Amino acid sequence: MPELPEVETIARGVDARVRGDRIAEVWFSSKSEPFKTPPARQVKGLESRTILGVERVGKHIVVNLSSAGIRFSTKSPPPAPRPPHPAAAQWIVHLGMTGRLLVTAPEAPIAPHTHARLTLTSRRELRFVDPRRFGRLEFRDLARSHTFAAAGAEPLSIGREAFAALFRRRRLAIKAALLNQSLLSGVGNIYADESLFRAGIRPRRPAGRLTHDELERLRLALRQVLQNAIRLGGSSVSDYVDADGVRGFFQLEHRVYQRAGDPCLVCKTPIKRILLAGRSTHFCPHCQR
DNA sequence: CATTTCACCTGGTGGC
DNA sequence: TGCCACCAGGTGAAAT
C-alpha cells in the first residue's frame, strides 16, 4: 500500500501518540508469517521497553526502543527530538501492500487480519493489520546487530551528482530503476509515474541514456512530488488511512496514475497505460519523451 | 553481475 | 445473484 509519503505520514502519527509510552504486553496471531523475526522472539524483545520515538527509513517504520525495564514517568516523556538514551533495540515494520499500523483504544474491535497487538502502559494498543501479509515485522537488538539502515539513498535529500550516478550506464527502464529500492528507497508505483510525468520523461527510456538535464529535472520533480504528498497526508487510493484513520488527499493531485484513457491535464492527449517491470505504468505519450 | 519474471496473499470490481 | 478474470500502494527469489 504505502510509499514514502504514506509511510512518513503514518510514522509521524504513530510517533505523536506512542512516544514515551511503554510496551506492557505483546500478542501475535498464531497464523501467518509476516514475520522476519519469529513471533516468540519479538514478544520477548518488545516487552517492557519504552518507545523512544518512531521514524521512517525508506518505506520502513522504525520504532526506537529503550533497554528493557527502563521507564520514564508518564508525566514527563523523553524530550522530543533526541531521546535521552540511544535506542537499545528497534522494531522494524514494513507495511507491504496492505499493511496498517494503528493506535487504538483497548476496546476497539479487532479488525480481521490483525497480526500483532502491543498493549501500552497508557492502555492504548499499537496494532499491525495486514490482509495480504506482504508486510514484515522484525525485532533488532542493537547489542547484536547494527542500527537499521535502508539500502538505497533517500530521495528527499540526495544531491544532483549522487542522483545522476545512480543511473549511469544502466540499461534498464528509468521507471524500473526508480522502483529499485537498493538505488533509491521509498519510491513506489504511484510516485514513479507521477515524477516521470512532471519531468516529461517516458518510463521506458533506458536509465543510462537520460541527459544530465533530464536527470536533474527528474530529481527535482520527484522531491517536489514527495514533499507535496507528505503535506497532503499521502495518497488514499483504496482504503489507506493514517494512524488516526484519516485519509490522505494526494490522490486528487495525481496527473497520470490510474488515469488511463483520461485526457492529459496539460495537452488533452489520452493517458496511456502499459505494463513495465510487471507494474501498471501510466504516462502521457505527448508530454513525456 | 544486471535485469526480468514470477510467486507470494486477500479482497474488490466489473463483465457476463 | 454467482462465477470468474483481472487488478491492487511491494519485494525477494529464481530464471535469463
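Just so it is clear, the structure is predicted and the values come from calculations on it, not from any experiment. We name chains A, B, ... by the order of the sequence lines, and we start the count at 1 in each one.
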Could you label the plane-to-plane angle of the A:Phe163 and A:Phe167 rings as parallel, tilted or perpendicular, counting under 30° as parallel and over 60° as perpendicular? perpendicular

Whole Å only: how far is the CD atom of A:Glu138 from the C1' atom of C:dG12? 15 Å

Within the 4.0 Å heavy-atom criterion, would you say A:Gly188 contacts the bases, only the backbone, or no part of the nucleic acid? sugar-phosphate

Think A:Tyr257 has a side-chain N or O under 4.0 angstrom from the OP1 or OP2 of C:dG9? yes

Once you apply a heavy-atom cut-off of 4.0 Å, does A:Arg171 come out as touching a base, just sugar-phosphate, or nothing? sugar-phosphate

Distance in angstrom units between A:Gln251 CD and C:dA8 C1', rounded: 15 Å

Winner on side-chain proximity to A:Lys59, out of B:dA2, C:dT11, C:dC7, is C:dT11

So, is A:Arg133 near the phosphate of B:dT10, with a side-chain N or O under 4.0 Å from OP1 or OP2? yes

Classify the ring geometry of A:Tyr257 against A:His282: parallel below 30°, tilted from 30° to 60°, perpendicular beyond 60°. perpendicular

Test of ring centre spacing under 6.0 Å for A:Phe148 and A:His60: yes

base_contact_polar (C:dA8 base, A:Arg132 side chain, donor-acceptor, <3.5 Å): yes

Using only side-chain N and O atoms of A:Gln181, determine if any of them is under 4.0 Å from OP1 or OP2 of C:dT11. yes

Rounded to whole Å, please give me the gap between CZ in A:Arg100 and P in B:dC9. 21 Å

Classify the ring geometry between A:Phe250 and A:Tyr191 as parallel (under 30°), tilted (30 to 60°) or perpendicular (over 60°). tilted

Looking at A:His113, does any N or O in its side chain come under 4.0 Å of the phosphate oxygens OP1/OP2 on B:dC9? no

Measure from CZ on A:Arg273 to P on C:dC7 and round the result to the nearest Å. 6 Å

Nearest-nucleotide pick for A:His94, side chain only, options being C:dT11, C:dG9, B:dA2: C:dT11

Answer for the Watson-Crick or wobble partner of B:dC9, both distances under 3.5 Å, is none

Face-to-face contact A:Phe134 to C:dT11 six-ring, under 5.5 Å, under 30°: no

Please state how far atom CD1 in A:Ile190 lies from atom C1' in C:dG10, giving the value in whole angstrom units. 12 Å

Among C:dT11, C:dA8, B:dG11, the one nearest any side-chain atom of A:Pro131 is B:dG11

Nucleotide forming a Watson-Crick or wobble pair with B:dG15, both distances under 3.5 Å: C:dC3

Find the distance A:His282:NE2 to C:dA8:P and express it as a whole number of Å. 6 Å

Are A:Thr281 and A:Leu275 close enough, and set up right, to give a side-chain contact (heavy atoms from CB on, under 4.5 Å), and what steps lead you there? CA-CA 6 Å; A:Thr281 297; A:Leu275 214 56; over 6 Å; no

Could you check A:Phe283 against A:Leu196 for side-chain contact (heavy atoms from CB on, under 4.5 Å), going step by step and ending with a plain yes or no? CA-CA 8 Å; A:Phe283 67 99; A:Leu196 285 167; over 6 Å; no

With rounding to whole Å, what would you report as the distance between C:dC3 and B:dC9 at their P atoms? 24 Å

Nearest to the A:Ser280 side chain among C:dA8, B:dC9, C:dG9, which nucleotide is it? C:dA8

Spacing of A:Leu172 atom CG relative to C:dT16 atom P, expressed in whole Å: 19 Å

Atom CG of A:Asn189 and atom C1' of C:dC7 are separated, to the nearest Å, by 12 Å

When the C1' atoms of C:dG9 and B:dT3 are compared, how many Å lie between them, rounded to an integer? 23 Å

